[in-house]
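To find a chain, count down the sequence lines: A is the first, B the second, and so on, and within it residues start at 1. Fair warning: this is a prediction, and the values are worked out from it, not measured in the lab. The basis for the numbers below is simple: all heavy atoms, side chains too, and nothing from hydrogens, waters or symmetry mates.
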Amino acid sequence: MNNFDYLKSELESVLGWLGEDGGLPKDLDASRVTFELPREASHGDVATNAAMVLSKQVGMAPRDLAQILLTEFEAHDAVRSAEIAGPGFINMRLTDAFWQARLAEVLAAGETYGHSGVGGGATVNVEYVSANPTGPLHAAHGRGAVVGDVLASLLAATGHKVTREYYVNDAGAQVDVLGRSAYLRYLEALGEDIGEIPEGLYPGAYLKDVGQALAAEHGESLKAMDQSEWLPVTKNTAIDMMMAEVREDLTALGIEMDVFSSERAIVAEGKVEAALAVLEAGGHIYQGVLEPPKGKTPDDWEPREQTLFRATAFGDDVDRPLKKSDGSYTYFASDIAYHYDKFTRGSDTLIDVLGADHGGYVKRMQAAVTAVTDGKGRLDIKICQLVKLMKAGVPIKMSKRAGTFVTLRDVIDQVGRDVVRFIMLTRKNDATLDFDLEKVTEESRDNPVWYVQYANARTHSVIRQAAEAMPDLETSDAALGKVDLSPLTDPAEIELIRVLAGWPGMVAGAALAHEPHRLAYYLNDVAGAFHGLWNKGKESPELRFIREDEAVLTTARLALVRATSLVIAAGLGIFGVRAREELR
RNA sequence: GCGCCCGUAGCUCAGCUGGAUAGAGCAGCGGACUUCUAAUCCGCAGGUCGCAGGUUCGAGUCCUGCCGGGCGCACCA
């Protein structure tokens with residue numbers, strides 16, 4: 001909910017009135033009118049572009065229309081002063097009482113301040129991580145994991161019904177490779193010398209455990225079988241063990257999925273055929289021959305008639321194959337079925353959080369979702385760019401072969417889950433992210449996690465100090481919620497309230513745009529505003545939070561301090577980061 | 001060759017779906033600790049928003065074309 005919405009409805013009634021008696025046209029379209037907090041403090045507390053947006057409809061110059069509107073706004077209770085600026089903005093300063101009322105809202109809402117119903121109860125499925133079960137999660141998986149998880153929380157906090165989902169790619173060639181790799185490790189566990197892991201198989205030492213487990217359970221019996229017999233056994237054991245590890249890693253990151261969907265199950269239950277039947281009925285499938293990609297013809301290219309999805313009808317660049325040359329379905333086909341399945345389970349908005357290497361996959365999947373849902377489903381794909389792990393400014397070189405591979409678990413163990421979660425959100429998802437394992441544990445301004453946690457710890461420290469210095473003071477949330485806030489009139493105090501009051505709009509905007517990283521920047525701003533006010537108390541003792549001789553003033557300020565910690569806690573809550581009340 | 005992403009201060013990056021004189025942090029320079037935690041704060045300096053057009057009251061943001069960097073381009077997942 002935007003704090004300025006009510007000013008907009010005031011404007012609309014003003015327009016209605018002016019339309020009846022004031023000589024303006026009736027039924028003006030005010031949909032593009034905004035009321036917002038200007039970036040520039042000198043532009044006041046609220047600015048509106050109303051005069052500029054409406055000038056054409058009204059047939060007046062923006063500044064002339066602004067003059068008319070200005071008179072109406074000046075009469076409003078919450079408006080202390082108003083002026084016309086620039087090309088026709090109306091800048092208003094609001095009364096201290098208005099801001100004090102906003103502060104009261106923070107205290108009344110507590111840690112759910114900023115939660116809203118802007119989502120209107122829409123059902124959203126957020127699919128994230130979805131790493132192939134062929135090895136442990138690495139750092140880049142962690143980014144997608146956090147982005148998806150926090151996006152899900154953000155949507156849940158803003159009136160969406162959210163499903164958190166992981167798609168297990170347990171069908172296809174890659175897990176067969178996994179099964180064969182595990183078989184080698186099985187032989188190794190039985191004492192055979194397997195030498196170098198052949199090219200094309202997974203060399204990772206993490207499969208040794210799988211080999212041990214297979215040996216322990218099956219003894220020598222697998223050796224007597226054909227591959228067609230042992231492969232399902234080694235494959236399934238490997239998948240189960242890998243997924244168990246993935247789940248542990250997710251738990252370590254504080255992530256709890258609602259649903260794990262299996263690709264194999266999608267296929268086995270005939271959902272691929274069902275989804276393709278829908279496409280077929282819509283006339284989106286045909287038999288055809290693709291042109292080779294221009295400028296880069298693969299060596300083994302040969303024209304071939306295959307079953308194609310008419311993706312070009314939905315904005316993709318080429319039509320996409322649904323069946324391989326051997327007649328089996330492509331991964332794309334089962335993925336269409338999977339997305340159709342998510343849609344038919346009740347989510348009209350689907351979000352996929354994918355890694356950078358899936359960039360080329362976006363258009364075709366969106367095309368497919370549009371086609372298979374007859375335009376009713378909407379798919380947003382968030383591509384997470386790479387995470388560059390660093391140590392004290394030096395990039396960490398990673399190579400699976402050389403064994404210098406940094407897993408997500410390594411990172412969590414080194415810097416902690418809260419740090420990982422926060423840092424992953426300090427860049428927008430489509431920009432690469434430098435993650436310096438040393439810098440993020442520094443206790444300094446450079447480290448955004450620390451900076452925000454420190455601000456929060458300070459708020460709690462102030463309230464602890466106050467309770468000690470002034471034992472008669474009521475410092476519980478309930479008490480602070482009823483405090484007389486009228487003593488809060490210093491511009492620096494009002495400024496902090498303005499920042500805090502921006503939280504609900506920030507949450508709603510970030511949720512609707514599917515951009516959780518915005519909250520990290522906002523929290524940094526809140527911390528900055530608070531640290532600034534805290535330091536003002538040094539230069540101007542009358543601004544200190546605790547004034548032992550003035551109980552009314554002190555409690556009002558404690559309410560402001562408490563509101564600050566509530567907003568930080570609300571933000572960290574959505575991030576899934578634990579707020580620290582003390583740092584030492 | 002085609003598609004997607006990126007290009008903003010010396011460096012790392014924001015810029016809230018088109019708003020005003022483009023903002024932070026770091027680095028640089030200058031200040032503030034008998035004090036509610038100085039692990040913090042305040043100030044100064046720093047810009048052709050890659051280039052050129054276009055759309056309109058108004059463009060870092062939208063459109064077109066270039067330049068430069070990254071990624072991906074049947075029958076892998």
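Close to B/C41, at under 4.0 Å from its OP1 or OP2, lies a side-chain N or O of A/R445. Distances shorter than 4.0 Å separate some side-chain N or O of A/K324 from OP1 or OP2 on B/C76. Phosphate contact (OP1/OP2 of B/G15, side-chain N/O of A/H517, threshold under 4.0 Å): present. The side chain of A/Y202 contributes no N or O atom lying less than 4.0 Å from OP1 or OP2 of B/A77. Residue A/K538 has no polar side-chain atom (N or O) positioned under 4.0 Å from OP1 or OP2 of B/U40.
Enclosure of atom NZ in A/K439 is not indicated, since only 12 or fewer non-hydrogen atoms of other residues, nucleotides or ligands lie within 6.0 angstrom.
The listed nucleotides are B/C26, B/U37, B/G19; the one nearest the side chain of A/D446 is B/C26. Each of B/G3, B/C41, B/A14 was ranked by its minimum atom distance to the side chain of A/A431; first place goes to B/A14. Of the candidates B/U12, B/G3, B/G19, the closest approach to any side-chain atom of A/D434 belongs to B/U12. Considering only the side chain of A/Q306, B/A74 comes nearest among B/C41, B/A74, B/U37. Nearest to the side-chain atoms of A/S461 among the listed nucleotides B/A14, B/G19, B/C36 stands B/C36. Listed nucleotides: B/A77, B/C5, B/U40. Nearest to the side chain of A/D430: B/C5. Distance from the side chain of A/V53 is smallest for B/G19 among the nucleotides B/U40, B/G15, B/G19. The listed nucleotides are B/C13, B/G3, B/U35; the one nearest the side chain of A/D317 is B/G3. Of the candidate nucleotides B/U37, B/C76, B/C57, B/C76 has the atom nearest to the side chain of A/A173.
When heavy atoms are screened at a 4.0 angstrom cut-off, A/R518 is found touching the sugar-phosphate backbone but no base atom.
The residue among A/L533 and A/G172 whose nearest nucleotide of RNA chain B lies closer to the 5′ end is A/L533.
Checked against the 6.0 Å centroid threshold, A/Y128 and A/Y166 do not count as a close aromatic pair.
We find that CG of A/D335 is positioned 15 Å from P of B/C76, with the value rounded to whole Å.
Anti is the glycosidic conformation of B/U8, whose angle departs from 0 by more than 90°.
Between A/Y521 and A/H517, the two ring planes are perpendicular [angle over 60°; tilted spans 30° to 60°].
Annotation: B/C66 and B/C71 have their P atoms spaced 22 Å apart (nearest Å).
Both the sub-6.0 Å distance and the 45° axial angle are not jointly satisfied by A/R364 relative to the ring of A/F309.
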